[in-house]
Amino acid sequence: MERFRIAGEARLDGAVEVAGAKNSVLKLMAAALLAEGTTTLRQVPGILDVTFMAQLLDTLGCSVKVDPDGRLATISVPAEVKHQCDYDLVRKLRASISVLGPLLARCGQAEVALPGGDNIGSRGLNMHVAGLEAMGAKVHIEHGFVIAEAPQGLHGAEVWLDFPSVGATETIMMASVLAKGTTIIENAAREPEIQDIAAMLVEMGALIDGAGSPRIEITGVDGLLNPVDHTVVPDRIVSGSWAFAAAITKGDVTVSNGHAEHLELPLDKLHKAGAEITVLNPGFRVRMHDRPKPVDVVTLPYPGFATDLQAFVIAMNALSDGAAMVTENLFEGRFTFAQELTRLGAQIQTDGHHAVVRGVPRLSGAPVVASDIRAGAALVLAGLAAEGETLVSAAHHVHRGYTDFAGNLRRLGADVVVEPDDAELYWN
């Protein structure tokens with residue numbers, strides 16, 4: 001186990017380059033299963049979850065090579081693919097469920113253990129299952145595994161999602177590209193990562209229309225798709241993290257390769273908090289000269305304020321000159337982070353889906369524990385703005401979502417190191 005050791009009262013200044021999106025690359029790796037041959041992905045982030053997904057695909061018979069320095073991944077897929085996923089890998093990675101749709105489409109069957117990942121609350125698979133069943137699959141859960149079968153193949157269907165679930169949209173979209181007939185997903189997720197996955201599938205030979213809108217139409221094709229060379233869309237959550245890092249530390253950070261159009265609402269909130277935003281081509285710059293103003297935020301599916309940026313706006317509000325309310329509508333476990341932030345002296349009261357944050361002039365360093373990827377990163381940033389030293393345990397969470405987080409912070413002027421941790425208590 002590792003932890004971050006952070007020296008407080010730091011101001012970030014400089015430029016940071018953002019790699020491909022975690023929430024896209026893992027699904028693109030799974031989508032490679034739909035084509036025999038070698039698919040190449042570029043701008044791949046050097047994160048732990050990519051390593052886990054590569055190991056998972058290896059157990060299915062693929063040969064995966066990841067070059068972190070070159071930000072490159074090659075996935076060689078054989079003519080015959082295994083359909084059973086290893087439990088020990090799946091439990092580490094929520095995105096492992098992404099192989100369910102491709103395996104079912106490719107093999108006519110799939111067995112995937114119920115996935116693990118972040119400790120942020122329940123994320124059921126009901127909509128995944130309902131969509132696959134509408135397409136003719138038989139799905140049940142047995143001994144901790146999702147078992148799906150479609151021996152006669154899948155067929156087109158009209159699928160209505162109760163909620164614009166990213167995971168369900170991805171699963172149904174990837175399963176339907178080889179189905180017989182046309183599948184329509186209504187109330188589909190609209191995230192840039194959905195558009196990126198659809199773009200690669202189209203490059204592979206799939207017929208998809210409407211990605212990025214609430215209605216996606218997929219017409220199945222005969223045979224397998226073709227391997228491609230694809231560049232992953234930049235990570236908007238990492239880009240947003242660095243934007244809030246500038247505000248939290250009263251810094252000046254240029255986010256190279258970030259897409260400002262994917263962060264319109266978060267950047268608007270930062271502007272209202274007092275930050276100066278400059279859109280570049282490509283990327284953007286965030287400068288904060290004074291103590292932030294408080295901003296109210298409600299998390300919603302894209303294009304709303306991303307739940308993955310909620311911890312960062314709470315950390316910024318904790319240092320603001322006033323009070324703000326943050327409402328979490330997606331994952332009930334996200335406010336675990338707020339409890340840890342109070343150890344640094346933040347004044348936060350939570351009640352169900354709401355957190356009232358009253359800003360304080362300064363935070364004070366203390367030992368804290370990360371409960372998920374974004375909570376860990378936000379605690380590190382809060383530590384930078386605190387007096388004294390902060391220790392953030394369970395650093396592996398941050399490694400799952402950020403490429404060389406500590407190294408990038410040092411290049412921006414911070415004093416942050418990753419070191420062995422002998423603490424006895426960790427979140428999963």
Looking only at atom types and distance, does a side-chain atom of [X] sit under 3.5 Å from a main-chain N or O of [Y], one as donor and one as acceptor?
| X | Y | result |
| --- | --- | --- |
| Ser24 | Ala21 | no |
| Ser320 | Asn317 | yes |
| Asp13 | Gly251 | no |
| Asp404 | Gly407 | yes |
| Asn329 | Thr299 | yes |
| Arg5 | Thr390 | no |
| Asp308 | Ile237 | no |

Residue pairs passing the salt bridge (Lys or Arg N to Asp or Glu O under 4.0 Å) test where at least one lies in residues 146-161, sequence neighbours excluded: none
Applying salt bridge (Lys or Arg N to Asp or Glu O under 4.0 Å) as the test, list every pair that has at least one member in residues 200-224; sequence neighbours left out.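 Sorted result for residues 200-224: Glu186-Arg215, Arg215-Glu217.
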Side-chain heavy atoms of [X] within contact of [Y], under 4.5 Å:
| X | Y | answer |
| --- | --- | --- |
| Arg411 | Val16 | no |
| Phe284 | His259 | no |
| Ile216 | Thr169 | yes |
| Phe305 | Val298 | no |

Proximity of Tyr402 and Trp242 rings by center, below 6.0 Å: no
For the atom pair CZ (Phe312) and CG (Leu270), what is the distance rounded to the nearest 0.5 Å?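 If we round to the nearest 0.5 Å, Phe312:CZ and Leu270:CG are 11.5 Å apart.
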Just jot down the salt bridge (Lys or Arg N to Asp or Glu O under 4.0 Å) partners of Asp58, sequence neighbours excluded, or say none.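 Scan of Asp58 (salt bridge (Lys or Arg N to Asp or Glu O under 4.0 Å), adjacent residues dropped) gives none.
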Among pairs that include at least one residue of residues 275-285, which meet side-chain hydrogen bond (donor to acceptor under 3.5 Å, both in side chains), considering only residues two or more places apart or in two chains? Asp252-Arg285, Glu276-Arg287
With sequence neighbours left out, what residues match Glu111 under side chain to side chain donor-acceptor pair (under 3.5 Å)?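 If we apply the side chain to side chain donor-acceptor pair (under 3.5 Å) test to Glu111, skipping adjacent residues, the hits are Gln84.
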Non-neighbouring partners of Thr182 that pass side chain to side chain donor-acceptor pair (under 3.5 Å), sequence neighbours left out: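 Only Thr219 meet the side chain to side chain donor-acceptor pair (under 3.5 Å) criterion with Thr182.
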In plain terms, say whether Glu133 and Lys138 are close enough for a salt bridge, that is, a side-chain N and a carboxylate O under 4.0 Å apart. no
May I ask you to decide whether Asp67 forms a salt bridge with Arg71, counting only side-chain N to carboxylate O separations under 4.0 Å?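 Arg71 and Asp67: not salt-bridged.
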Under the criterion side-chain contact (heavy atoms from CB on, under 4.5 Å), which of Val177, Asn226, Leu224 is the partner of Leu34?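 So the option named by the test is Val177.
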